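So the structure is just underneath, and the comments pick up after that.
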Amino acid sequence: MTGVHGIHHITAISGEAQENLDFYTGVLGLRLVKKSVNQDAPDTYHLFYADAEGHPGTDLTFFPWPQMPPGRKGAGLAVEVGFAVPEGSLAFWAERLGAMGVTSTPERRFGEEVLRLRDPHGLELALTAVPGPRDFAPWRHGPVPESHQIRGFHAARLWERSLAQTARFLGGALGFKLMGEDAGWHRFGADGGGSGRWVEIREVPGERLGEWGTGVVHHVAFRVAGEEEELAVRRQVQEAGSHPTPVIDRFWFRSVYFKEPGGVLFEIATDGPGFSVDEDADHLGERLILPPWLEPQRQEIEAVLPRLRPPAPAVPPRDSVA
Ligand code: ZN
């Protein structure tokens, strides 16, 4: 069997684009690596936040749909986006978030130190302190000192009515293995497990189904090395009873979408070609990038999209927080 290699990106729905940008770049210190439009609804943005180079495994993306009602947390949805920060960084983050008016709550999970928080539109986030290096490019022009910057994803948390059903699918179609249990959460690891390769599930049999809306995860994408692996995993998804889309060219990666049996929308996405395929790596995210078939309508599209300004320089970088 061909297994996926962890989380590739996570896509969520936000409210106002500017508030979203201010929070993820100005507060969390991620880099806006791509400013594009929703390819299926080009009058809305698609914003991509990641490490400086947009490595797979670091990229949280948003469809800002301020006209949409808030989503409903429930079964069949990803309910939390987990990031990794360096070991010893949580005190810095608790202080930084507090100074910026963001409430955070410490917690211990699977023996790891975690800080829980929400973004301005209600999306649940967690920062987990993780030892050791990882594939990561620091954003030197960001507001967070390199030593404390978010390293990429840690885990995605799902609520499911039936653990067994989704566990079977994660194992059979994507190669995940059950690797731990803590406080009602079941931890599944891809590719041997580790930070960035976890999916954690809580079984909530009586829970109503969640609904998409602002502040809710839209889908979770998993890494495949290239198109050959993608087709192999796609076949496994089909054999496990799901209905994958054909391979869709998203320019920066190639994607296949499908729902797991509990209802969460998943995607598999190739590691390449990456975000610098259509933009200079030094200027990622600065101009609106359109797929070629929308390029003739650039003027009309730019006219309806809200103008985005870089976040106000709020708290200056501090490397010497006690
Ligand atoms: Zn996606």
Side-chain angles (χ1 to χ4, degrees), residues 1-11 30-31 33-34 36 38-40 46 48-61 78 81 83-84 133-137 151-156 169-177 179 188-199 217-260 264-281 284-285 289-293:
M1 90 137 341
T2 307
V4 299
H5 306 292
I7 300 169
H8 182 286
H9 66 271
I10 296 179
T11 295
L30 298 173
R31 182 182 186 187
V33 291
K34 195 66 65 182
S36 190
N38 182 329
Q39 291 181 15
D40 305 311
H46 192 183
F48 296 70
Y49 306 100
D51 74 350
E53 293 171 12
H55 276 115
T58 69
D59 174 24
L60 178 59
T61 94
V81 174
F83 289 114
R134 65 191 270 172
D135 198 11
F136 157 80
R151 266 32 186 181
F153 291 114
H154 185 65
F169 183 84
L170 282 176
L174 304 178
F176 278 86
K177 290 194 166 59
M179 300 183 78
F188 295 83
D191 207 0
S195 186
R197 299 196 288 275
W198 302 124
V199 166
V217 171
H218 188 266
H219 63 268
V220 180
F222 299 105
R223 297 174 66 173
V224 285
E227 204 149 346
E228 201 178 316
E229 260 192 24
E230 183 158 60
L231 291 171
V233 174
R234 186 180 180 281
R235 262 193 310 277
Q236 293 164 187
V237 166
Q238 234 163 355
E239 282 158 15
S242 185
H243 305 283
T245 65
V247 175
I248 299 171
D249 189 357
R250 295 302 191 194
F251 302 101
W252 315 298
F253 39 81
R254 291 182 225 300
S255 299
V256 171
Y257 301 85
F258 48 94
K259 281 197 167 176
E260 55 83 29
V264 183
L265 183 60
F266 281 170
E267 173 186 347
I268 42 175
T270 54
D271 274 357
F275 289 114
S276 51
V277 72
D278 53 7
E279 250 181 321
D280 176 355
L284 293 177
I289 301 296
L290 296 175
W293 70 86

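These figures come from a predicted structure and were not determined experimentally.
With sequence neighbours excluded, the residues forming a salt bridge (charged side-chain N to carboxylate O under 4.0 Å, His left out) with D249 are R254, listed by chain and number. Every residue meeting the side chain to side chain donor-acceptor pair (under 3.5 Å) condition with E260, not counting sequence neighbours, appears here in chain and number order: T166. For E228, there are no salt bridge (charged side-chain N to carboxylate O under 4.0 Å, His left out) partners two or more places apart in sequence or in a different chain. Among residues two or more places apart in sequence or in another chain, the ring-ring contact (aromatic ring centres under 6.0 Å, His included) test is passed with H8 by F253. With sequence neighbours excluded, the residues forming a side chain to side chain donor-acceptor pair (under 3.5 Å) with S195 are R134, H154, listed by chain and number. The side-chain contact (heavy atoms from CB on, under 4.5 Å) search around E229 returns T2, H5, V224, A225, not counting sequence neighbours. H55 is linked by a ring-ring contact (aromatic ring centres under 6.0 Å, His included) to nothing, counting only residues two or more places apart in sequence or in another chain. The side-chain contact (heavy atoms from CB on, under 4.5 Å) search around M179 returns K177, W198, not counting sequence neighbours. Residues meeting the ring-ring contact (aromatic ring centres under 6.0 Å, His included) test with F176, sequence neighbours left out: F222. Residues that satisfy the ring-ring contact (aromatic ring centres under 6.0 Å, His included) test with F153, not counting sequence neighbours, are F83.
Closest of all the heavy-atom pairs between A52 and V33 is O-CG1, 4.1 Å. Closest non-hydrogen pair, I7 versus A155, comes out as CD1-C, 3.8 Å. The two residues L284 and R31 make their nearest non-hydrogen contact at N-NH2, 3.3 Å.
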Hey, can you pull the donor-acceptor pairs under 3.5 Å for the side chains in residues 239-246, sequence neighbours left out?
{"from": "S242", "atom 1": "OG", "to": "K259", "atom 2": "O", "distance (Å)": "2.7"}
{"from": "T245", "atom 1": "OG1", "to": "Y257", "atom 2": "N", "distance (Å)": "3.0"}

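Here salt bridge (Lys or Arg N to Asp or Glu O under 4.0 Å) pairs that include residues 269-280, with residues two or more places apart or in two chains, are K34-D278, K34-E279, R223-D271.
Under the 30°/60° scheme for interplanar angles, the aromatic rings of F266 and F258 are found to stand perpendicular. Relative orientation of the W252 and F275 rings is tilted, given thresholds of 30° and 60° on the angle between their planes.
Looking only at side-chain heavy atoms (C-beta outward), V233 and L174 come within less than 4.5 Å of each other.
Note that CG of L265 is 9.0 Å distant from OG1 of T11, once rounded to the nearest 0.5 Å.
Checking E230 against T270 by side-chain atom types alone, no donor-acceptor pair falls below 3.5 Å. Side-chain contact check for H46 and S36: no donor-acceptor pair (N or O, by modelled atom type) lies under 3.5 Å.
Checking side-chain atoms of D51 against main-chain N and O of A137 turns up a donor-acceptor pair under 3.5 Å.
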